[in-house]
Amino acid sequence: MFRKILKRSRNCLWLGLVAVGLLIAFAGCGDDTLVNNNGGGDNPVIDENLRITRFMEDVGDTIESNQSVNVSGFIVDSNNVGVNFVQVYLYADPLWMGYFQKAIDTTRVDGSFASDFLPIDTGEVTIWVQVAGNSTNQTSRLVHVAVGSGGGGDGSQSNYNFEYQIPDEFILADGQDETEITLIIHPGAAGISVQNGTEVRLEVGERFEDVNGDGYFTENVDNVVWDANDNGIWDRIGNVPATVTTVDSVATFTYTSGTQSGLVFLRTTIGNAPNPSWDELTLSLRPNSEVAYIELESASPDIQVKATGGTESTLLYAYCRDRYGNPVQQGVDVDFKILSGPNG
């Protein structure tokens, strides 16, 4: 089985999403629902009567590290009917146990939501889902993460085992941050050491299935497994040399970060199809802590003046992003102020 060493400081972990909400309640708010529960318009539905059902019903009690699972469920109303256009938040506790492909999802016509979760550590993890705008409307599921099989099939047929050593820090998604990675290649099931000068092929970006076994993503041949930005194509995230060669079973190379925060998969390959030896290292690119711009959204674009009926309050969301459009790190203070209008 392949063996990986990732030296990281867990207290530096970030959650790849920052969404700050403020409920502005005008004096004399009535008992009306904040937003009509019809799924129409461009803004998420907010309704205190919504329920989360069938959460992770297709996922067993044990999952494998480095093998993504689909986390799904449904949002229904008081009549048990699926509700469209409800925003939900997904996260894992502890945070370092894994990552969601999408930390926010919006329900479909049938009320369903879904996002792939990739566990990167072993042990117990609690997976949570929360309805946006209602911190008490949430549910969770505790699962055990077992050691995965790793790259190259079941590992027992591999000629080599791969070990990675990286600095004890995360990588900044600025297109410039450089990290030196040391790859140590150990004998596999056959007990044969790698020879000096052996070529190791490197590829980095979104996760993919290497159908032709050449170690690189080949368009119209290989399959995208983890489409981080949901654009339907494979994206390279950052840069590594195309190949490195071994000296005394060790190869060292530099990874230069991309500008897209989140998970990055480094694939290392020795040999050729039909039986190459390969493995993956999961890297995490963190966004900048400096806010370049803020996107402000309202759960309801129109609200009524006091005591006139209809919706008299709304939920505001401020999305803080760095210069590359990534959600910034947690802990950034956001102040809401009324600049004009009633009480402005």
Side-chain angles (χ1 to χ4, degrees), residues 1-9 64-68 118-123 145-171 177-218 221-223 225-226 234 236-257 263-285:
M1 186 172 293
F2 291 107
R3 178 166 163 259
K4 307 180 181 73
I5 294 180
L6 276 71
K7 297 183 178 178
R8 293 179 174 171
S9 176
E64 292 187 351
S65 62
N66 291 304
Q67 302 295 324
S68 60
L118 181 72
I120 61 172
D121 207 346
T122 57
V145 183
V147 177
S149 59
D154 63 6
S156 62
Q157 302 301 316
S158 174
N159 292 323
Y160 306 108
N161 292 334
F162 297 77
E163 176 187 336
Y164 305 90
Q165 294 182 352
I166 65 173
D168 193 13
E169 59 186 24
F170 278 85
I171 305 168
D177 199 6
E178 294 185 344
T179 299
E180 185 177 272
I181 300 175
T182 300
L183 171 64
I184 305 173
I185 302 170
H186 301 280
I192 301 174
S193 299
V194 67
Q195 296 182 357
N196 284 344
T198 296
E199 181 181 87
V200 182
R201 296 188 292 280
L202 306 176
E203 183 68 286
V204 67
E206 295 174 321
R207 197 177 204 181
F208 67 95
E209 178 189 7
D210 189 13
V211 175
N212 60 6
D214 66 354
Y216 303 109
F217 182 81
T218 306
V221 176
D222 296 335
N223 301 316
V225 176
W226 184 274
W234 182 82
R236 179 172 285 107
I237 305 174
N239 289 285
V240 291
T243 62
V244 290
T245 55
T246 60
V247 176
D248 296 332
S249 301
V250 175
T252 302
F253 56 93
T254 298
Y255 168 69
T256 303
S257 69
L263 291 185
V264 178
F265 298 89
L266 170 68
R267 176 178 283 258
T268 54
T269 305
I270 298 176
N272 300 302
N275 188 32
S277 295
W278 64 275
D279 199 15
E280 284 180 340
L281 171 66
T282 306
L283 302 172
S284 179
L285 268 61

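The analysis underlying the following values was restricted to heavy atoms, covering all of them including side chains, and did not include hydrogens, waters or symmetry mates.
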Hey, does Thr268 have a side-chain heavy atom less than 4.5 Å from the side chain of Tyr160?
no

Close side-chain approach of Phe265 to Thr282, heavy-atom, < 4.5 Å:
yes

Under 6.0 Å from the ring centre and within 45 degrees of the ring axis: does the NZ or CZ of Arg236 meet both conditions for the six-membered ring of Phe217?
no

Could you tell me which non-hydrogen atom of Gly191 sits nearest to which non-hydrogen atom of Pro187, and how far apart they are?
C-CB, 3.7 Å

Min side-chain heavy-atom separation Ile237-Val204 under 4.5 Å
no

To the nearest 0.5 Å, what is the distance between CG on Leu263 and OG on Ser284?
6.0 Å

To the nearest 0.5 Å, tell me how far Ser277 OG sits from Ile185 CD1.
9.0 Å

Got a second to check how far Leu202's CG is from Asn239's CG, nearest 0.5 Å?
11.5 Å

Between Thr182, Leu266, Ile181, which is the residue that forms a side chain to side chain contact (heavy atoms under 4.5 Å, CB included) with Ile166?
Ile181

Considering all heavy atoms of both residues, which atom of Ser68 and which atom of Arg207 are nearest to each other, and what is their separation?
N-NH1, 4.2 Å

Test item: Leu183 and Leu281 side chains (from C-beta on) under 4.5 Å apart, heavy atoms:
no

Under a 4.5 Å cut-off applied to non-hydrogen side-chain atoms, are Leu283 and Thr179 in contact?
no

Trp234 side chain to Glu206 backbone, donor-acceptor under 3.5 Å:
yes

At their closest point, which heavy atom of Pro167 faces which heavy atom of Glu180, and how far apart are they?
CD-O, 3.4 Å

Rounded to the nearest 0.5 Å, how far does CD1 of Ile184 lie from OG1 of Thr252?
8.5 Å

Kindly compute the distance separating CG (Asp210) from CG (Asp222), expressed to the nearest 0.5 Å.
4.5 Å

Minimal heavy-atom distance between Val211 and Val221, with the atoms involved, is CG2-O, 3.4 Å

Hits for ring-ring contact (aromatic ring centres under 6.0 Å, His included) against Tyr255, two or more places apart or cross-chain, chain-then-number order -> none

Testing the basics here: between Glu209 and Val225, what is the closest heavy-atom pair and its distance to 0.1 Å?
N-CG2, 3.6 Å

Under the rule for side-chain contact (heavy atoms from CB on, under 4.5 Å), what residues qualify as partners of Gln195, not counting sequence neighbours?
Thr198

Between Asp214 and Tyr216 (side chain of the first, backbone of the second, donor and acceptor by atom type, cut-off under 3.5 Å), is there such a pair?
yes

For the student: nearest non-hydrogen atoms of Ala251 and Val244, plus distance
CB-CG2, 3.8 Å

Output the distance between atom OG (Ser193) and atom CG (Asn159), rounded to the nearest 0.5 Å.
12.0 Å

By side-chain contact (heavy atoms from CB on, under 4.5 Å), Glu199 pairs with (sequence neighbours left out) Arg201, Thr243

